[in-house]
Amino acid sequence: MPVYIRKNVNFTPPSIDNFPLEDDEDYITDPDQLLDRLPQPYRMIDKVLSQWYDEVWQIIEKRENERLEESRRIRAPQYECSAQMESQGRACCVCDSVDGRYIFIGQPRGLSAVDVQTQEKVASWEEESVDIHYVKAYLIGVQVYLVVTIDDMGFARLLIFGGDKFYFVKILNEFQEGGTKLIISKCEASRNGDYLGAMFENPETAEVWLEVYKLPRDAWLNELESVLTKKEEKSEEDQGTDTQAPTDQEAPTPQNEVEPPPAATQSRKHSLSRGSSRLSVYTNTTNYEESTGGEKHTPKLSPTSVVMKLKPPPSMSELRQKGNPASSIHSACQKVDSGEVIGTGVNHILTPNHKDMRKEVFAHLHDNLMEYLPKEEEAEPLEDVNFHFMTAGRLVPTGLEQQSQIEEEDDMKRLPTTIAVWWKGSTHVVHYSLLKQHKDFDVKPDLVWPYLSPVTSSAISDDTSLLAVGFENGNIIIWDRYLGIQRGIVNIMDRVKIVQLTFLDPNICPQNLDDYQPYRTKTSTHLLALCDNGALYIMMSGPGLELDPICITPPVESEDDIFTMVQPIPGMHDLLITVLKSGKVQIRDTLQGTVLCEPVLPKSHELMTPWDPVVAVGAMGQVLFLKGNNKDYGEEEGGDQSESAGALFMYQMKLFPTLDSYMSRRRDKVSQTVHAKIENRIEALMKERIAQQGLRKHRMQERWGNMKEEIWSILQYKDMAEKKADNRPEIHYKRVRNLSQTPGSMGWTPFFRN
């Protein structure tokens, strides 16, 4: 940059237009001086101000365009809440029952069950200093639910809700004096409650592992039936003694006693088992106070049993750095996989001593270049696990498929036989058999799926016939476990992570039915994929169909528009409920991605913890529950978390006008797995043949009528062929002397004769 030194100037010139004439020696000679209007340092100030002006103007234009685009955008209608459930206190977590009858609310001092239709508390289980932060319900019988809870201290509890009462089962990580306190961060059960998996963590040693339990579901149902039957018999005896009265005079009734309403005296029939042949009991649904605080004489239920314990595998970087932790080569060779299945790469013969020796040799040979090597990053521990309980399929090794379970049509009778596990940051999906007997942590996988990219998400269909796996590089693989084949692989977008996968109900997917056979042989379904850039994709998965992802929601630009929750509404899978990081709750069309409406909280409240919202849908998509936090609470009260700090708001979704067309749609149940047995095929073919017998006479008459036209067409073609043959010219060949030549060669001369 040229420097200009002005002579004999001790003041700032008033204006650039009033500069007096100056000598040639006033400035240092500079060719660019002829193009500059201002001297230094004013020219630099002018450039800085011009740059600031351009940047500010770009910001103004951007904001103006965004404001204009927002004004032109069609905004979805907003609907306010129907009622506020103030009687339930501060709800920490909410979940719905699978059949939509109840919602279970986790509270600071226990758990409550609320009827969705009447919004009345049916039963409650209370315990001091127990703040429930996670609750999940599973349907294990007819109106019998397995409730899994985790409190703020990391204790996982199992409860059974049946007969409008809670029955405590056990604490999975119960603390014992002199022992180590263990924490459970994740606890999930299979669909029908036959198996349960829990991730344990030892805070002292920072170790994590997964424990799988076998739950005696059938035994629990039988024990509950016997308990409720005895209680019903006792209540009938008490009612019989109370109804006895003298024949000549009735006992007086106190004035302050009010007769119970008829609805309170009626009892509801519950069948607690899977089948209808089980014993049914009658219980009262109005007096829930009896179960408050738990039953004094809680029935002793059958204990659970541990099936296996799984430790997280070491990461690839850890294996490269440390090698096999075996003490000797002999012990390392004993742990090497036999080769029957693809291994995880953990059991090899490269010991830590061998790795250290190789490092020393490398450092000695390349001593002058060691300073230029990048530093090795420390491997992050695998602290999170994801698992799915799956029924029998044709992908497991021979002997573990259980052919009877594969062909079982009743979902309640199909027991899980395999568990698929993948740890966060791992590149393997490992499968373990639930039918084998395992010893402690020494469990080898029965099936390993190795991949090049780390696994980031996975999903399983309701009947566990389809398994989808998402990766860090944007790929998605769908496996058909029932047929034992891969349905397809697709890349959503490069350098985009798949964070969530969800299989939708097949009743919203068009089924490609063939003209033949008369029975269905395949089922198609939609897969919903959420990326880390906020984009939503949907693709159709079916046998023989190419995976074609369709973007229903483009990537977001603002961080506040990122989805923190994307969940299909139970009972209405053509609707999605989404929650944004900004706190907005939206209901979208599943296939189109358009926003249909936005349930809003009162102005005095805001959505509590938008990154982990408390949202539940009951009554099979009819009622929506949202947890709101009072904006003004805590400023005047000092921030005390009491029951009035938050409230649970209810929305009647059937009253939303924009959802009328969705509420009135008919949704037929479509099973994802098609069990086409030989008996079913023969029966379907015979029914089709018998149904076509009535149309046989009509088809025969139509055939005879068409036969005359076909014969006439054949005769016409025959006559035309004969006429062409008669009009064809005759060709004669003249023989020459060379008899060895053939017609058409050089010795033959054709001539025509008319």
Side-chain angles (χ1 to χ4, degrees), residues 407 478 480 482-490 506-526 538-550 574 591-592 661 665-754:
E407 299 178 355
I478 301 178
D480 191 333
Y482 177 73
L483 298 179
I485 61 175
Q486 178 179 298
R487 284 204 174 182
I489 179 172
V490 63
N507 60 10
I508 65 174
C509 182
Q511 305 297 329
N512 297 325
L513 299 178
D514 300 331
D515 296 336
Y516 191 84
Q517 296 89 5
Y519 48 85
R520 191 162 55 91
T521 58
K522 56 187 178 180
T523 302
S524 301
T525 183
H526 284 298
I538 191 170
M539 64 197 76
M540 181 183 294
S541 169
L545 298 179
E546 184 179 357
L547 297 179
D548 186 14
I550 301 174
D574 44 5
L591 303 181
Q592 302 296 331
S661 59
R665 289 181 183 177
R666 180 180 178 182
R667 300 173 179 85
D668 298 330
K669 185 178 180 181
V670 179
S671 59
Q672 294 179 343
T673 305
V674 181
H675 304 277
K677 297 182 180 179
I678 186 63
E679 295 84 0
N680 299 340
R681 298 179 184 179
I682 295 176
E683 183 180 359
L685 291 173
M686 290 300 297
K687 288 182 179 180
E688 183 192 22
R689 184 65 176 173
I690 294 173
Q692 292 179 354
Q693 288 298 321
L695 303 176
R696 183 178 182 183
K697 184 178 180 180
H698 176 71
R699 292 199 309 271
M700 293 297 292
Q701 293 177 356
E702 184 179 0
R703 180 59 182 164
W704 280 106
N706 296 335
M707 190 175 294
K708 295 180 181 180
E709 298 179 359
E710 293 176 359
I711 294 175
W712 183 82
S713 301
I714 293 173
L715 294 176
Q716 291 293 326
Y717 282 118
K718 185 177 181 181
D719 294 342
M720 292 176 62
E722 291 178 355
K723 290 180 180 180
K724 289 182 179 181
D726 294 341
N727 297 332
R728 187 179 303 164
E730 296 182 2
I731 302 175
H732 299 276
Y733 295 92
K734 184 179 180 180
R735 186 182 298 275
V736 295
R737 295 180 181 180
N738 190 0
L739 300 178
S740 62
Q741 295 178 353
T742 58
S745 60
M746 291 296 296
W748 292 80
T749 304
F751 67 94
F752 298 91
R753 183 177 62 182
N754 296 329

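Keep in mind the model is a prediction, meaning the values are calculated, not measured.
Judged as a salt bridge (Lys or Arg N to Asp or Glu O under 4.0 Å), the pairs with a partner in residues 708-726 (not counting sequence neighbours) are, in order, Arg703-Glu710.
Few gaps surround CE on Met707; more than 12 heavy atoms of other groups in view lie less than 6.0 Å from it. Sparse packing is recorded around CD of Gln592, with 12 or fewer heavy atoms of other residues, nucleotides or ligands lying under 6.0 Å away.
The residue from Glu702, Gln701, Met700 that alone fulfils the side-chain contact (heavy atoms from CB on, under 4.5 Å) condition with Trp704 is Met700.
With contacts defined as side-chain heavy-atom distances shorter than 4.5 Å, the pair Leu591/Ile538 qualifies.
The distance from the CZ atom of Arg487 to the CG atom of Leu547 is 9.5 Å, given to the nearest 0.5 Å. Ile508 CD1 to Thr525 OG1: the interatomic distance, rounded to the nearest 0.5 Å, is 7.0 Å.
Considering only residues two or more places apart in sequence or on other chains, Arg699 meets the side chain to side chain donor-acceptor pair (under 3.5 Å) condition with none of them.
Scanning all heavy atoms of the two residues, the minimum distance from His526 to Cys509 falls at CD2-CB, 3.7 Å. Closest approach of Pro506 and Ser524 over heavy atoms only: CB-O, 3.6 Å.
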